[in-house]
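Read the numbers this way: they start at 1 and go in the same order the structure lists the ligands and their atoms.
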Amino acid sequence: MNNNITNWKQVLCVTTILIFSTLVNAQKVDIKSVFSDAEKQTDVMIKEVPAAKHGKADLVSPRTVDAAGQLVLSPSFRWTSGFFPGVLWYLYAYTGDKKWEEQARIFTDNIKREQFNGGTHDMGFKMYCSYGNGYLFTKDEMYKKILLQSAKTLSTRFNNTVGCFRSWDTMPQFTFPVIIDNMLNLELMFEATKLSGDSMYYKMAVSHANTTMKNHFRKDYSCYHVVDYDSTKTESIIKKVTHQGYADESAWARGQAWAIYGFTMCYRETKDPKYLKQAENVAGYILNNPTLPADLVPYWDFNAPNIPNEPRDASAAACMASGLYELSTYSKKGNIYRKAADKMIESLTNNYRSTIGENRGFILLHSTGAKTHNSEVDAPLPYADYYYLEALLRAIKIKEGKKLF
Ligand code: GLY
C-alpha cells in the first residue's frame, strides 16, 4: 500500500483524539460520520446500478435520479462519467478499505475507451477524476499509460491560433467555443507533462489559462460561460454568451466555481502569481456577492431573476469549497477562504444530504445541472458528491498541516 493510503489509515484510527481532529468549523462537521454515511449511500448505489442499465451495457456511470425517482446512468462518453469512479477512489483514500479500491477499479475500467475519444474537451473531467485519482492512490502503471493517452487525445483539440482547447463540436451556433468549464481539464495536461517529461501539455495548459483569463472575465471578475472564437484569426472573438446560465451577462454559479477551482489549480501547477490573483478575485466576486445566501450555497445563477425563489446548486458550493480550501493554503487571505469553505461544507452536510438509503445512493441533493434547459433541476448529481468528498479530504489535510492532493 502506498504512503498516501498509509497516511489516510493513520488519520482514521478510531480514537477520541482523532475524532476531534477530524471536526471542522468549530466542531460542526464530523467528517468521520459523513464518510461513514457516504459509504452506506455508495453501497446502495452500487446495488442499484445493474437494474438501472435496463439491459444497455454502455450505460456505466450514475448521472442523476429522474422525476420518477429512478437512477439514471450515463454512457462513458458523457462528461459526468468519471465522477462516480472518483467518489469510489475518495472512499478508498479515506478508509483504506480494499472493497472501495475494487469497486473504484471496476467503475474506472468502465470508461477506459474514453482515452481515445477526441470528440470532447471533457477528457479531464472524465479521466482525471477516475484514472488520475486511481494513479494517485495506487501508482498502477496501466493508469499512467491511460492518462497519457487521454492527454495526447485532448491535445488534438488545441488550436494554436486561438491558444485554447476547443470545447463543443456539435453546436451549430458556435464556431470555436471555449467554455469556462474547460479550465478543469487542464489538470490532466499538467499531469501529463509531469508523467511524460513532454512540456507540450504544460504549454498548452498555460496558453489556455492565459487566453481564458484575458477573455472570459468581466471587470468584476465574474465570468462568461462561453467565448466563441474565430479560429482563423488571432485574438478574434465572435461572441461571449451563456449556454447553461440565466443570461449572456449573468454569472452562472457553477461557471464561477469552475473558475475559482481552475485558476487555483493553475497556480499550484505553475506558481505563476497572476493565477493566484485571479483565483482571489473570483473568490471575492463570489463571497461578496449580495445574492449569495447566508448558508453560502449559491443559487444556480448569481443573477437568476427570482432570487430567493430559485433553485440552489449544491454542486457549485461543493466545487467552490474544494477550490477555496486549496486557495486558502496559498493566499494571504487564507483564513477567510478556509472559513467560507468550512461554512459551505457545514451547510451541505447539515441541510443538503440525502437520508441514508434514499435517492438511489447519491450523497448530496439540491444541485442544478442546466436550469435553462429544464434539465436536472434540484437534483442529485455525481459531481456534487465528488467535490464534496474532495473538499472534506482537503479539510482534513489542512487541519493536519499536510500538503493537499
Ligand atoms: N461541465 C458542464 C457543467 O458544468 O454543467
Contacting atoms of ligand 1, where contact means under 4.0 angstrom from a heavy atom of [X]:
X      : result
Asp181 : 1 (N), 2 (C), 3 (C), 4 (O)
Trp258 : 4 (O)
Trp252 : 3 (C), 4 (O), 5 (O)
Arg254 : 3 (C), 4 (O), 5 (O)

Legend entry - Ring-face cation of Lys271 near Tyr330 (centre distance under 6.0 Å, axis angle within 45°): yes
Inset, instruction - Would you check whether Trp79 has a nitrogen or oxygen atom less than 3.5 angstrom from a nitrogen or oxygen atom of ligand 1? - result: no
Inset, instruction - Check whether any N or O atom of Gln244, backbone or side chain, sits under 3.5 Å from an N or O atom of ligand 1, and answer yes or no. - result: yes
Inset, instruction - Could you tell me if the ring centre of His243 sits under 6.0 Å from that of Trp168? - result: yes
Legend entry - Within the 6.0 Å centroid threshold, strictly below: His366 and Tyr352: yes
Legend entry - Polar side-chain atom of Asp313 near backbone of Thr368 as donor-acceptor pair, under 3.5 Å: yes
Inset, instruction - Could you give me the CA-CA distance, side-chain angles and deciding distance for Trp100 and Phe137, then say whether ring pair (Phe, Tyr, Trp, His ring centres under 6.0 Å) is met? - result: CA-CA 12 Å; Trp100 295 121; Phe137 298 127; over 10 Å; no
